[in-house]
Amino acid sequence: MQEGLGDYGHIAAGSPISAQRRMLEMRLKEAREKLSSDTGTRPAFDTELALNYARNKLGTTYLMPSLIVIVAGVGSLFLKPITLAMWTAFALAAHAVMMISCRYFTHVEFSPVRVKRWRQRLSLMEGINGLIWASLCFVPSTDPIFATIFSFAIALMVIGMSALNASSLPMAVLLGTIPMVAGLVGSIILLGEPFLFSMAAIAVCAEGFFILMSRRIYAQMLENLTFRLEKDGLLAEVEQTKASSDEARRRAESANLAKSRFLATMSHELRTPLNAILGFSEVMKNEILGPLPNATYKDYCEDIHKSGQHLLNLINEILDLSRIEAGKFELNEETVNLVATVEDSVRLLKLRAQSKGINLKESYEEKMVSIWADERAVRQITLNLLSNAIKFTPADGIIAVKCGWTAGGGQYLSVSDTGPGIPDDEISIVLASFGQGSNALKTAEQGAGLGLPIVKGLVDLHGGTFTFKSKLRVGTEVIITFPAERVMQALPAIKDGTKKAS
């Protein structure tokens, strides 16, 4: 048990404060339990060890009676029959009482106090059995020397069996084996034959060996029980931690769903008045109902319209992301030519790229067939990737747009740039909703951080893959793929099975 306490101290030394407090509480609890036990172990261990002793004894239910009968049969050749018969009756009766007691103990639950009494009772019965076997050395015989040699052999065998079976109760081992050794040594001393003294010495050495062996077994039992208790405690703690984790995850999922629903609802509510602001500001900006008397008012109307347009785009992105996260985004699938859609998107943003001095290169594989997808989603994916690339690529930079076939028969879109790149520790931040990098993003046009999460969500809805590669001061590449299942393969021509009438 001292080794167990050492293990606790080792675990606590490298643990957080909460773990150290928990280990200290375990050590205090263990110390209190030891103080309340008469054996210096935990009460639960006392019960388990006593049960182990009882089960071991029940395993000899038929073995010991057989041994008693064999001993009586062989001893009848040189021992007095009446005395031997009495010894046999006492030995069988004591064994029967032991078996009945052990069976009762294994089938009834006891309190720690009653277990303590039963341990004493079982040890006492073991001592009575030891005295009965020791009395065999003093049964009158016709050949005392041969009877002593016979008793010596029987004593060694019974001492070994008792030491092994009763190893979980150290007191029972002592009470069950010492009387036999003492009886054998006493009978040899009474005979006074010098050559038998070596047998007495052997019996004493054997007693010490068997007691030492039983102590080792007892220590191993305690260690196993300690490890089992620690394992049960760890399993209980793991189950509790898992339950807490599941509950926390459930709450997080509920909160995330509630957040997505809130954003979706608020986006709808905000777009209604915003459309009015955009419409009226455009009417005033274009002076449809008449000229504005002050030119500054016209500039203000243009600023209002641009700000409203920017806000509307942001609300649309929030709405799309909320619908994706809430699982409410429905794909309007149709046949879509990936190359044609990408070319249209590039054409829309090419002027913006040229105004920043960015060289935009396109590369498309030939004979790209259509895919089954949502055209609006594919267009939004392309526009978001191109907008990000233009936003973060400096003047004289290069943006490369590629479309082609994947090795698995699907199609891919790749958008790469020669921008500042993103550090490895910020990639997860950039891919998160509303995520903003530190150095690279601060030098570029500010955004809401929704482009990439929306792209990833739309790609996932199509069953594709999203790959983000970036290296600091080298550039960034985003590759999205559509699986082969979405590629519209041409069907073979149907052969006309009708035959012309001859």
Side-chain angles (χ1 to χ4, degrees), residues 1-60 102-123 126 160-177 208-246:
M1 293 302 296
Q2 293 299 325
E3 295 178 0
L5 289 176
D7 291 340
Y8 285 146
H10 175 71
I11 294 173
S15 305
I17 297 177
S18 58
Q20 292 183 8
R21 186 181 298 110
R22 185 169 57 255
M23 290 301 174
L24 180 59
E25 291 175 355
M26 292 175 62
R27 294 179 63 182
L28 291 175
K29 181 180 178 181
E30 181 180 352
R32 293 192 193 99
E33 290 177 343
K34 285 184 176 182
L35 291 176
S36 63
S37 173
D38 62 321
T39 60
T41 62
R42 303 179 182 180
F45 288 3
D46 292 342
T47 303
E48 188 67 27
L49 293 171
L51 285 172
N52 187 64
Y53 169 84
R55 295 189 188 103
N56 289 340
K57 282 298 177 180
L58 289 174
T60 63
C102 290
R103 188 172 299 278
Y104 177 76
F105 181 75
T106 56
H107 288 80
V108 179
E109 294 184 1
F110 296 102
S111 64
V113 176
R114 295 192 64 189
V115 169
K116 176 181 178 181
R117 295 175 183 174
W118 267 93
R119 287 170 58 90
Q120 296 173 351
R121 191 176 303 170
L122 294 174
S123 299
E126 186 72 28
M161 292 176 60
S162 299
L164 292 176
N165 289 330
S167 56
S168 55
L169 290 182
M171 184 56 64
V173 174
L174 296 177
L175 294 179
T177 58
F209 170 76
F210 284 122
I211 289 178
L212 179 61
M213 184 176 63
S214 68
R215 288 287 182 178
R216 292 286 181 86
I217 296 175
Y218 178 72
Q220 187 63 42
M221 288 181 182
L222 287 180
E223 186 176 358
N224 292 338
L225 289 173
T226 302
F227 287 158
R228 190 177 71 182
L229 183 64
E230 292 177 357
K231 181 196 71 174
D232 293 342
L234 289 175
L235 289 177
E237 187 174 348
V238 168
E239 289 294 331
Q240 184 178 2
T241 304
K242 182 178 180 298
S244 301
S245 176
D246 292 342

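- Between Tyr53 and Leu122, the closest side-chain pair of non-hydrogen atoms falls below 4.5 Å.
- Around atom CE of Met171, no more than 12 heavy atoms belonging to other residues, nucleotides or ligands sit under 6.0 Å away.
- Taking CZ of Arg216 as the start and OG of Ser167 as the end, the distance is 13.5 Å to the nearest 0.5 Å.
- Annotation for Val173 and Ala166: closest pair CG2-O, 3.0 Å, computed over non-hydrogen atoms.
- Residue Arg228 holds its CZ atom at 12.0 Å from CE of Met221, rounded to the nearest 0.5 Å.
- Residue Ile217 holds its CD1 atom at 10.0 Å from CG of Leu212, rounded to the nearest 0.5 Å.
- Taking all atoms of both residues into account, the shortest heavy-atom contact from Ser162 to Thr177 is CB-CG2, 3.9 Å.
- Using a 4.5 Å heavy-atom threshold, the side chains of Asp246 and Lys242 count as touching.
- Between the side chains of Asn52 and Glu48, not a single donor N or O lies within less than 3.5 Å of an accepting N or O.
- Checking side-chain atoms of Thr241 against main-chain N and O of Glu237 turns up a donor-acceptor pair under 3.5 Å.
- Here the closest non-hydrogen pair linking Ser214 and Ala163 is CB-O, 3.5 Å.
- Rounded to the nearest 0.5 Å, atoms CG (Leu175) and OG (Ser123) are 6.0 Å apart.
- The shortest distance between side-chain heavy atoms of Leu225 and Leu49 falls below 4.5 Å.
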Original post:
Going through the distances and angles, do Glu223 and Phe227 end up as a side chain to side chain contact (heavy atoms under 4.5 Å, CB included)?
Top reply: CA-CA 6 Å; Glu223 186 176 358; Phe227 287 158; 3.3 Å; yes
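- Considering NE2 of His107 and CG of Leu51, their distance stands at 11.0 Å, rounded to 0.5 Å.
- Of all non-hydrogen atoms in Leu164 and Asn56, the two that sit nearest each other are O-ND2, 4.5 Å.
- Taking 4.5 Å as the limit, some side-chain heavy atom of Arg119 sits within range of a side-chain heavy atom of Asp46.
- Among all heavy-atom pairs drawn from Ala54 and Phe105, the shortest one is CB-CD2, 4.0 Å.
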